[in-house]
Amino acid sequence: MKPAKIVGHHIHPMLIVFPLGLLAVSVFFDIAYLATREAAFATIAFWDMLAGIIGGLAAAVFGFWDWLTIQSGTRAKRIGAWHGLNMVVVVGLFTASWFIRRMDTFYIPSSSALTLSFIALVLALIGGWLGGELVERLGVAVSPDAGPNAPSSLHGDRPPIREPARGRTAR
């Protein structure tokens, strides 16, 4: 099985920015609601949360697909499992918060809905760090030919441009 890619790039990392951003922003709108008691902020948080949940589920499909392609018995496979489980909990907590808010005409969050969202945001930071560990430290989803002079992924399977050895000049 090969990782899920489009035009040479993994799909999962492309998709995660939207749900993470939307879910984080929903918490900021909750804080704005708490500070002002303006119902519009609660409504914006509600709809941001819904969009983030839907986006998170879409990203999860491709994240799971990519996880299946990681070699078994590796640290990357273990970190990937923790990352995936963590992010499923994050989406679950935001979903529970969203359902609680649905009960109010103006989507005003109760203290339990707010608590779930705040806990979910902290867990999202942890899950995001784990995802970063996979890419930045363990090289998951990083091309083996990556480098400052690697050719564009749009140019197919051309070998990367190699830098001259130190002390030598290119001719």
Side-chain angles (χ1 to χ4, degrees), residues 1-6 9-142:
M1 174 182 265
K2 291 185 177 187
K5 291 184 175 185
I6 186 168
H9 293 279
H10 286 250
I11 296 171
H12 176 69
M14 287 189 266
L15 292 181
I16 56 119
V17 295
F18 295 109
L20 279 178
L22 288 162
L23 294 170
V25 166
S26 74
V27 172
F28 291 120
F29 278 109
D30 280 342
I31 293 167
Y33 165 74
L34 291 172
T36 65
R37 295 296 177 193
E38 178 60 46
F41 289 129
T43 301
I44 294 167
F46 177 84
W47 291 109
D48 276 351
M49 201 174 291
L50 178 61
I53 291 164
I54 292 167
L57 294 174
V61 170
F62 292 100
F64 182 66
W65 182 341
D66 284 353
W67 180 78
L68 291 173
T69 68
I70 298 173
Q71 182 179 355
S72 295
T74 61
R75 181 168 178 259
K77 188 77 163 189
R78 289 188 305 278
I79 297 290
W82 280 110
H83 166 71
L85 290 171
N86 182 83
M87 297 314 282
V88 165
V89 169
V90 166
V91 171
L93 290 172
F94 274 113
T95 301
S97 178
W98 184 82
F99 270 106
I100 293 169
R101 295 160 193 256
R102 284 184 56 222
M103 312 229 181
D104 186 272
T105 306
F106 298 104
Y107 312 118
I108 304 299
S110 65
S111 59
S112 59
L114 290 168
T115 300
L116 290 171
S117 293
F118 294 156
I119 291 170
L121 182 62
V122 170
L123 290 176
L125 292 171
I126 294 167
W129 182 86
L130 289 169
E133 184 77 355
L134 285 166
V135 175
E136 301 280 336
R137 191 82 173 138
L138 300 173
V140 173
V142 175

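- Residues satisfying the side chain to side chain contact (heavy atoms under 4.5 Å, CB included) criterion with A4, sequence neighbours excluded, are I11, F62, W65, D66.
- The shortest non-hydrogen separation linking A96 to L116 is CB-CD1, 3.8 Å.
- Remark: of the listed residues L85, L93, V91, L93 is the sole one forming a side chain to side chain contact (heavy atoms under 4.5 Å, CB included) with V89.
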Would you be so kind as to tabulate the donor-acceptor pairs closer than 3.5 Å made by side chains of residues 117-127, with sequence neighbours excluded?
residue	atom	partner	partner atom	Å
S117	OG	S97	OG	2.9
S117	OG	R101	NH2	3.1
S117	OG	A113	O	3.2

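- Taking F18 as the reference, nothing meets the side chain to side chain contact (heavy atoms under 4.5 Å, CB included) condition, with sequence neighbours excluded.
- Contacts classified as salt bridge (charged side-chain N to carboxylate O under 4.0 Å, His left out) and involving residues 51-61 (residues at least two apart or in different chains) are not found.
- Checked by atom type and distance alone, the side chain of T74 never pairs as donor or acceptor with a backbone atom of I70 at under 3.5 Å.
- Distance check, rounded to the nearest 0.5 Å: CE of M14 to CD1 of I6 gives 6.0 Å.
- Residue pairs meeting the salt bridge (charged side-chain N to carboxylate O under 4.0 Å, His left out) criterion with at least one member in residues 82-100: none, sequence neighbours excluded.
- Residues passing the side chain to side chain contact (heavy atoms under 4.5 Å, CB included) test with A81 are W67, sequence neighbours excluded.
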Working for side-chain contact (heavy atoms from CB on, under 4.5 Å), residues F94 and V27: CA-CA 10 Å; F94 274 113; V27 172; 4.0 Å; yes
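- Across all their heavy atoms, L138 and A76 have their closest contact at CD1-CA, 3.7 Å.
- Between I100 atom CD1 and Y107 atom OH the span is 15.5 Å, to the nearest 0.5 Å.
- In this view, S110 and S112 satisfy the side-chain hydrogen bond (donor to acceptor under 3.5 Å, both in side chains) rule, not counting sequence neighbours.
- In terms of modelled atom types and a separation under 3.5 Å, the side chain of K5 and the main chain of H10 share no donor-acceptor contact.
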Side-chain atoms of residues 44-56: list all donor-acceptor pairs with protein atoms under 3.5 Å, sequence neighbours left out, distances to 0.1 Å.
none

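- Scanning for salt bridge (charged side-chain N to carboxylate O under 4.0 Å, His left out) contacts around R75 gives E133, with sequence neighbours left out.
- Under the side-chain hydrogen bond (donor to acceptor under 3.5 Å, both in side chains) criterion, R102 pairs with no residue at all, not counting sequence neighbours.
- Side-chain contact between I79 and V140: absent, with no pair of heavy atoms (C-beta onward) separated by less than 4.5 Å.
- For V88, the side chain to side chain contact (heavy atoms under 4.5 Å, CB included) test picks out no residue, with sequence neighbours left out.
- In this structure, CZ in F41 is found 11.5 Å from CD1 in I108, a value given to the nearest 0.5 Å.
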Run the side-chain contact (heavy atoms from CB on, under 4.5 Å) test on K77 and Q71 for me, step by step, so that the C-alpha distance in whole Å, both residues' side-chain angles and the decisive distance to 0.1 Å come before the verdict. CA-CA 7 Å; K77 188 77 163 189; Q71 182 179 355; over 6 Å; no
